[in-house]
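Working notes, beginning with the structure itself.
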Amino acid sequence: MSNNTQSKKESALIAENGPWAAVGEHPNAITNRFYTYERVQEIVAFIQNIVPAKPEVAIICGSGLGGLAELVVDKVVIPYADIPNFPRSTVAGHRSNLVFGILNGISVVCMQGRFHPYEGYTTAACAFPVRVMQMLGAHTLIVTCAAGGVNKSYRVGDIMLIKDHINFPSMAGNNPLIGHNDERFGKKIRPRFPPVGHAYDRQYASQMKQVAAKHNIELREGVYCALGGPCYETIAEINLLRVLGIDAVGMSIVHEVTLGAHCGLRMLGLALITNKCLFEYDSTIEAVHEDVIRISELKANELQQLILDFVGGIKTNKT
Ligand SMILES: O=P(O)(O)O[C@@H]1C[C@H](O)[C@@H](CO)O1
Ligand SMILES: Nc1nc2[nH]cnc2c(=O)[nH]1
């Protein structure tokens, strides 16, 4: 059936039966109807056939930060393209691999490449791999990303521990949990209205601060906000974000953390400040993705050191 015929049929259905016939037609609801619990189970079974060992920690690598996965030993690499119904990353600085193995003594799975809404994926599609990784056995999710520094005191190359986030897409009605709430995702019953006020684990945050202090790495702590992208921000937008108390701005993480909270993961977030945001109209510097990747790769070692040490300190969960 052509798209046109399909939408004519849907319109006729709504005209005949009222607006409730459209329930479930939000793009995220459609995605969630596709990535059902059973489909996630199928993907998990496919992966377990290749890698029987359970990962404990899931790591999502941000722009230019995929090198972390190279530190994994006893590695098994599964290209996204080989996994049934798995999306592919289309952005420079993001490879498209799931990397399994051991990182500083703990079993991990790394997403070497993430999905962003500006690539054309719904936020539900961008985030659904979090459910896959949780179902594979992960109890912890570490999200990393490149971000622009909104806080005027931040410098290029700073690493920010994410204390909290502002999910602008969700505030505008684009939350990855829109649609049917399948209570089976996660170990407990997952609620229709999950709390996210403590999505970033406070104990993990203080452990990360200790790791940074040990390595003499200055760690900022602040609020990350996600916008839809792919444009970088206007000067007026940056000034607005600053008034709102936002420290760093990016185009990812928040939908992943939302699903992570829904399925009960303990989470830690790190943003690498790859560029200073524009505040002044007479400034001539503009953000460019090539610079974002260059700075990420330049500072990757520090970020990797932090994560390596941090995961080494996570108590193995044998339950
Ligand atoms: O995947 P992350 O959030 O690290 O990537 C950021 C946001 C855009 O994808 C890109 C812009 O340069 O970097
Ligand atoms: N939205 C946004 N994302 C980024 N990712 C890296 N730098 C930036 C930035 O300045 N703005």
Side-chain angles (χ1 to χ4, degrees), residues 60 62-65 91-94 114-123 126-127 143-176 196-200 205 209 212 217-258 267-299 302-303:
I60 304 182
S63 285
L65 297 170
V91 195
H94 289 265
R114 63 151 55 86
F115 313 116
H116 307 84
Y118 64 76
E119 294 174 74
Y121 296 118
T122 60
T123 54
C126 290
V143 288
T144 67
C145 67
V150 177
N151 185 319
K152 279 191 172 170
S153 75
Y154 283 13
R155 295 180 300 261
V156 170
D158 280 353
I159 298 173
M160 185 184 91
L161 178 65
I162 301 176
K163 179 168 72 180
D164 200 353
H165 72 222
I166 293 184
N167 186 344
F168 271 111
S170 171
M171 287 167 78
N174 179 355
N175 185 294
V196 286
H198 298 286
Y200 300 91
K209 285 181 203 170
I217 296 174
E218 189 191 3
L219 197 60
R220 307 286 195 156
E221 187 175 21
V223 175
Y224 172 91
C225 108
L227 304 182
C231 293
Y232 295 112
E233 293 66 37
T234 65
I235 292 162
E237 283 164 349
I238 290 301
N239 284 315
L240 170 72
L241 299 183
R242 201 157 54 83
V243 170
L244 295 177
I246 287 156
D247 298 293
V249 59
M251 306 175 193
S252 63
I253 276 192
V254 294
H255 36 272
E256 298 158 355
V257 170
T258 302
M267 288 179 282
L268 176 94
L270 291 173
L272 177 64
I273 306 301
T274 51
N275 54 290
K276 270 174 100 75
C277 292
L278 292 182
F279 300 100
E280 316 279 357
Y281 283 98
D282 55 11
S283 163
T284 51
I285 315 152
E286 286 274 17
V288 243
H289 187 58
E290 288 68 27
D291 284 347
V292 167
I293 295 176
R294 188 174 54 78
I295 299 293
S296 290
E297 289 176 349
L298 213 66
K299 292 290 288 188
E302 268 188 18
L303 199 102

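Keep in mind that what you see is a predicted model, and the values were worked out from it rather than measured. When reading the values below, keep in mind they use all heavy atoms of this one structure, side chains included, and skip hydrogens, waters and symmetry mates.
With rounding to the nearest 0.5 Å, the separation of CG in Leu161 from OH in Tyr200 is 10.0 Å. From Phe279, atom CZ reaches atom NZ of Lys152 across 5.5 Å, with rounding to the nearest 0.5 Å. Rounding to the nearest 0.5 Å gives a distance of 9.0 Å between CE of Met160 and CG of Leu270.
The main-chain N or O of Gly149 is never found under 3.5 Å from a side-chain atom of Arg155 such that the two would form a donor-acceptor pair. With Arg220 contributing its side chain and Ser153 its backbone, the two residues share a donor-acceptor pair below 3.5 Å. The backbone N or O of Tyr154 sits less than 3.5 Å from a side-chain atom of Lys276, completing a donor-acceptor pair. Proximity of a side-chain donor or acceptor of Ser296 to a complementary backbone N or O of Ser63 within less than 3.5 Å is detected. Side-chain N or O atoms of His116 include none that pairs as donor or acceptor with a backbone N or O of Met251 at under 3.5 Å. At distances below 3.5 Å, at least one donor-acceptor pair connects side-chain atoms of Thr144 with backbone N or O atoms of Ile60.
Side-chain contact check for Thr123 versus Asn175: every heavy-atom pair is 4.5 Å or farther apart. Contact annotation: the side chain of Glu221 approaches that of Lys209 to within less than 4.5 Å [non-hydrogen atoms, C-beta and beyond]. Contact check for Ile159 versus Ile273: no side-chain heavy atoms found under the 4.5 Å cut-off. Looking only at side-chain heavy atoms (C-beta outward), Thr122 and Pro117 stay at 4.5 Å or farther from each other. Residues Phe168 and Asn174 are not in side-chain contact: their nearest non-hydrogen atoms beyond the backbone lie 4.5 Å or more apart.
Among pairs with a residue in residues 228-251, those fulfilling side chain to side chain donor-acceptor pair (under 3.5 Å) read Asn151-Asp247, Thr234-Glu237, Asn239-Arg242, at least two apart in sequence or across chains.
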